[in-house]
Amino acid sequence: MNYKALAERLLPGEYPELSYYETLYPPRDLEKGAEVTRLAPSPTGFIHLGNLFAAIANERIAHQSGGILYLRIEDTDLKRKVDGAVEAVKNALRYFDIKFDEGAEIGGDETYAPWYQRQRAEIYRAFVKHLIEEGRAYPCFCTEEELSALREEQTAKKEITGYYGKYAKCRNLTEEEIYKNLDEGKPFVIRLKSMGNPENKHKFHDEIKGDITVIENDQDVVILKSDGIPTYHFAHAIDDHFMRTTLVIRGEEWLASLPIHIELFETLGFERPRYGHNCSLMKQDGSSRRKLSKRKDPELSLEFYRKEGYFARAVKVYMLTLLNSNFEEWYRKNPEAPLESFKFSAGKMSKSGTLFDLDKLNDISKDELSKLSAEEMFDFLKTWADEYDTDAQKGYFADREKMLKVLTLCMGIGGKKRRKDFTTASQAMKFIQFFFERTPQEDEYRVDGATKRAVLTAFLKTFDPADDGQTWFAKVKEAAAANGFAPEMKDYKANPEAYKGSVADVAEILRIATTGRANTPDLCTIQQILGEKETRARLEAQL
RNA sequence: GGCCCCAUGGUCAAGCGGUUAAGACACCACCCUUUCACGGUGGUAUCAUGGGUUCGAAUCCCGUUGGGGUCACCA
């Protein structure tokens with residue numbers, strides 16, 4: 001068979017010498033040990049926690065080694081393309097502080113561009129053509145129907161499905177048959193002529209999983225689709241070679257196609273990058289767990305976290321604790337150190353699937369938010385509210401001084417210990433709502449109406465917003481004593497039958513009357529922030 | 001189903017042949033407190049299973065079971 005002529009017929013035209021690409025995309029000039037990693041999403045526009053998970057790992061590995069992180073868009077499948085997707089990905093990752101050095105819509109060094117695979121079609125074709133010339137790739141004219149019939153046949157016979165060995169019909173087409181099909185204008189794909197034998201198993205070192213066994217590939221996989229665009233596998237080999245990727249961290253769903261990639265790199269004569277296959281983020285689904293899926297788990301999209309007002313740093317810290325088990329301890333010991341100074345290690349990444357735990361994220365969020373100053377919290381909440389909170393709550397930020405007082409109180413700033421009541425921006429807004437309007441009553445008074453009115457009346461008589469905490473509380477005690485409640489907790493505990501209740505119950509009445517809630521920060525301070533007029537108005541409304 | 005990966009409390013997990021099997025989250029109890037979602041103290045709870053190897057196994061080997069992934073002209 002004249003492969004050269006066949007190649008020309010299949011992919012007509014002049015293509016550069018292969019060595020041209022080697023000089024066009026030279027090895028990167030980086031320090032020894034510097035890793036080049038990448039994020040290579042398809043432009044579906046949907047980005048979830050799993051993507052962020054992998055992104056942080058890639059980012060850390062690249063940057064702590066003095067290397068490069070780049071963004072490549074795998075747009076070989078038109079069906080996956082969504083307008084604005086790349087922008088969305090970029091924005092989402094920027095929110096979580098993932099910085100790319102180069103890539104699609106990023107700018108930076110253009111040496112290894114373009115970053116969209118569709119724009120790299122010529123490179124792929126040049127190599128496919130070369131493979132055909134070498135007799136290592138061939139055209140396949142099988143239709144979808146034929147292929148699925150083959151699959152059924154194989155399934156029925158309990159044989160391995162796929163296009164390989166004796167089932168690779170078009171692999172053995174004669175020259176005449178090929179040209180006849182071509183002359184008839186039949187569409188074709190280009191397949192790799194595999195030389196592997198799955199009986200042969202090899203040890204393979206995975207940067208995350210450790211030593212694993214892989215079998216040789218014997219599938220004549222499609223490398224160039226009938227539209228002239230390569231499949232993922234082929235594009236991966238070409239791109240990661242010419243973009244000079246040193247380490248590929250990707251989801252473990254790729255483990256199964258690793259044999260294909262190994263053969264491709266070998267056939268092309270490329271040195272292959274190292275690989276690390278990370279476990280996927282799982283979700284509890286009934287009694288079992290499964291990989292997070294974009295279809296079923298919209299609540300795990302990154303957008304969800306922004307809508308809820310999760311603090312970006314908290315999400316990042318949580319991802320890091322899942323990514324590297326020793327991170328949590330390190331962070332505890334080095335609370336002030338920048339996250340970048342943590343020594344990230346691919347080998348420390350978990351081998352088994354990790355269940356996403358919202359409780360843990362919430363705990364970390366409280367912790368992170370409690371470290372902010374009142375001003376920082378103000379900015380965080382306002383930024384969030386401006387974008388996501390369409391309620392009247394926006395007006396809360398009009399009086400900056402008042403809001404700062406509110407935040408100072410709620411966060412326990414100035415006290416012995418910071419409080420950790422804020423989880424997210426949306427939750428915080430609800431938490432502080434009663435400062436701006438008496439919230440709908442969530443808790444019933446636990447006393448009868450007459451008692452309530454008597455207590456409120458007694459308190460109102462003596463109320464003076466200028467009182468300090470002690471004086472204020474003394475007055476609460478007076479109101480308690482005047483109405484049959486024990487002013488001292490000890491007395492009440494010693495002899496509960498003698499009283500209607502304790503000073504705590506009186507405080508609760510005042511609290512509910514003032515705020516509509518049974519749980520709030522220090523009530524005296526709240527009344528001061530509200531001011532005399534507002535406080536009196538609220539209490540009188542409850543008479 | 002074939003192949004591959006994985007297996008310590010409810011969750012994330014430390015552990016690399018000898019430990020009272022860390023820690024964090026969640027949960028429970030008590031304490032502090034005018035309430036509390038804050039804080040403090042304590043507690044419940046884990047080596048999937050059966051065989052080996054070894055003086056000794058969570059740790060090494062094999063089988064079983066369970067979970068996950070993958071078997072496209074999708075990535």
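No hydrogens, no waters, no symmetry mates; every other heavy atom, side chains included, goes into these values. Below, chains carry the letters A, B, ... as their sequence lines are ordered, and counting in each starts from 1.
- Taking the P atoms as reference points, B/G63 lies 16 Å from B/A7, given to the whole Å.
- Here the P atom of nucleotide B/A37 and the NZ atom of A/Lys417 are 16 Å apart, to the nearest Å.
- Across all non-hydrogen atoms, the minimal contact from A/Ala137 to A/Ile223 is CB-CD1, 4.1 Å.
- Residue A/Asp359 contributes atom CG, which lies 13 Å from atom C1' of B/A37 at whole-angstrom precision.
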Starting at the 5' end of nucleotides 4-14 of chain B, put B wherever the base has a protein heavy atom under 4.0 Å, S where only the sugar-phosphate does, and a dash everywhere else. SSS----SSSS
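- Protein atom CD of A/Glu159 is 14 Å distant from nucleotide atom P of B/C3, rounded to whole Å.
- Among residues at least two apart or in separate chains, salt bridge (Lys or Arg N to Asp or Glu O under 4.0 Å) pairs with a member in residues 145-156 of chain A are A/Glu146-A/Lys169, A/Glu153-A/Lys157.
- Residue contacts for A/Lys366: at a heavy-atom cut-off of 4.0 Å it reaches the sugar-phosphate backbone alone, with no base atom in range.
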Atom pairs under 3.5 Å, N or O on each side, protein against nucleotides 29-32 of chain B: can you list them with distances?
none

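- Going from the P atom of B/U70 to that of B/A14 covers 25 Å, rounded to whole Å.
- Among residues two or more places apart in sequence or in another chain, the ring pair (Phe, Tyr, Trp, His ring centres under 6.0 Å) test is passed with A/Phe344 by none.
- Put simply, the residue from A/Glu508, A/Gln542, A/Lys452 that forms a side-chain hydrogen bond (donor to acceptor under 3.5 Å, both in side chains) with A/Tyr445 is A/Gln542.
- Whole-Å rounding puts the A/Arg419 CZ to B/C38 P distance at 7 Å.
- In this structure, A/Leu358 places its CG atom 20 Å from P of B/A24, rounding to the nearest Å.
- A distance of about 8 Å separates the C1' atoms of B/A22 and B/G15, rounded to the whole Å.
- Residues passing the salt bridge (charged side-chain N to carboxylate O under 4.0 Å, His left out) test with A/Asp75: none are found, sequence neighbours excluded.
- Taking atom P in both B/G51 and B/C12, the straight-line distance is 29 Å, to the nearest Å.
- Side-chain contact between A/Asp240 and A/Arg72: present, with at least one pair of heavy atoms (C-beta onward) separated by less than 4.5 Å.
- Rounded to a whole Å, the CG atom of A/Asp367 is 9 Å from the P atom of B/C25.
- Sorted by first then second residue, the salt bridge (Lys or Arg N to Asp or Glu O under 4.0 Å) pairs that include residues 352-364 of chain A, not counting sequence neighbours, are A/Glu328-A/Lys360.
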Check nucleotides 71-75 of chain B for protein N or O atoms closer than 3.5 Å to its own N or O atoms and list the pairs.
unit_1 : atom_1 : unit_2   : atom_2 : d
B/C71  : O2'    : A/Thr161 : OG1    : 3.0
B/A72  : OP2    : A/Arg151 : NH1    : 3.3
B/C73  : O2     : A/Ser226 : N      : 2.9
B/C73  : O2     : A/Ser226 : OG     : 2.9
B/C73  : N3     : A/Ser226 : OG     : 3.1
B/C74  : OP2    : A/Lys225 : NZ     : 3.0
B/C74  : O2'    : A/Asp77  : OD2    : 3.0
B/C74  : O2'    : A/Arg80  : NE     : 3.1
B/C74  : O2     : A/Arg80  : NH2    : 2.6
B/A75  : OP1    : A/Thr76  : OG1    : 2.7
B/A75  : OP1    : A/Lys225 : NZ     : 2.7
B/A75  : OP2    : A/Tyr232 : N      : 3.2
B/A75  : O3'    : A/Glu74  : OE1    : 2.7

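- Spacing of C1' atoms, B/C47 relative to B/U20, comes out at 16 Å, to the nearest Å.
- Residues satisfying the ring pair (Phe, Tyr, Trp, His ring centres under 6.0 Å) criterion with A/Tyr310, sequence neighbours excluded, are A/Tyr305.
- Ring orientation note: the planes of A/His236 and A/Tyr232 are close to parallel, at an angle under 30° on the 30°/60° scale.
- Atom pair A/Leu523:CG and B/U33:P shows a separation of 18 Å (rounding to whole Å applied).
- Within 4.0 Å of A/Met282, counting heavy atoms only, lie sugar-phosphate atoms of the nucleic acid but no base atom.
- With both ends at atom P, the span from B/U8 to B/G68 equals 14 Å, rounded to whole Å.
- Counting only Watson-Crick and G-U wobble pairs whose two key distances fall under 3.5 Å, RNA chain B forms stems of three or more stacked pairs at B:1-7 with B:65-71, B:10-12 with B:23-25, B:27-31 with B:39-43, B:48-52 with B:60-64.
- Nucleotides B/U34 and B/U44 have their C1' atoms positioned 32 Å apart, rounded to a whole Å.
- Checked against ring pair (Phe, Tyr, Trp, His ring centres under 6.0 Å), A/His277 has the following partners two or more places apart in sequence or in another chain: A/Tyr275.
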Under 3.5 Å, side-chain donor or acceptor atoms of residues 254-261 of chain A against the rest of the protein: list the pairs with distances, not counting sequence neighbours.
unit_1   : atom_1 : unit_2   : atom_2 : d
A/Ser257 : OG     : A/Trp254 : O      : 3.2
A/His261 : ND1    : A/Arg250 : NH2    : 2.9
A/His261 : NE2    : A/His233 : ND1    : 2.8

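- Partners of A/Tyr124 by ring pair (Phe, Tyr, Trp, His ring centres under 6.0 Å), not counting sequence neighbours: none found.
- The CG atom of A/Asp522 sits 17 Å away from the P atom of B/C38 (whole-angstrom rounding).
- With C1' as the reference atom, B/G18 and B/U54 are 12 Å apart, rounded to whole Å.
- Counting only heavy atoms from C-beta outward, the side chains of A/Val447 and A/Asp505 never approach each other to under 4.5 Å.
- The pair A/Lys79-A/Asp77 meets the salt-bridge criterion, since a charged nitrogen lies less than 4.0 angstrom from a carboxylate oxygen.
- Residues A/Phe431 and A/Phe422 place their aromatic rings such that the two centres sit under 6.0 Å apart.
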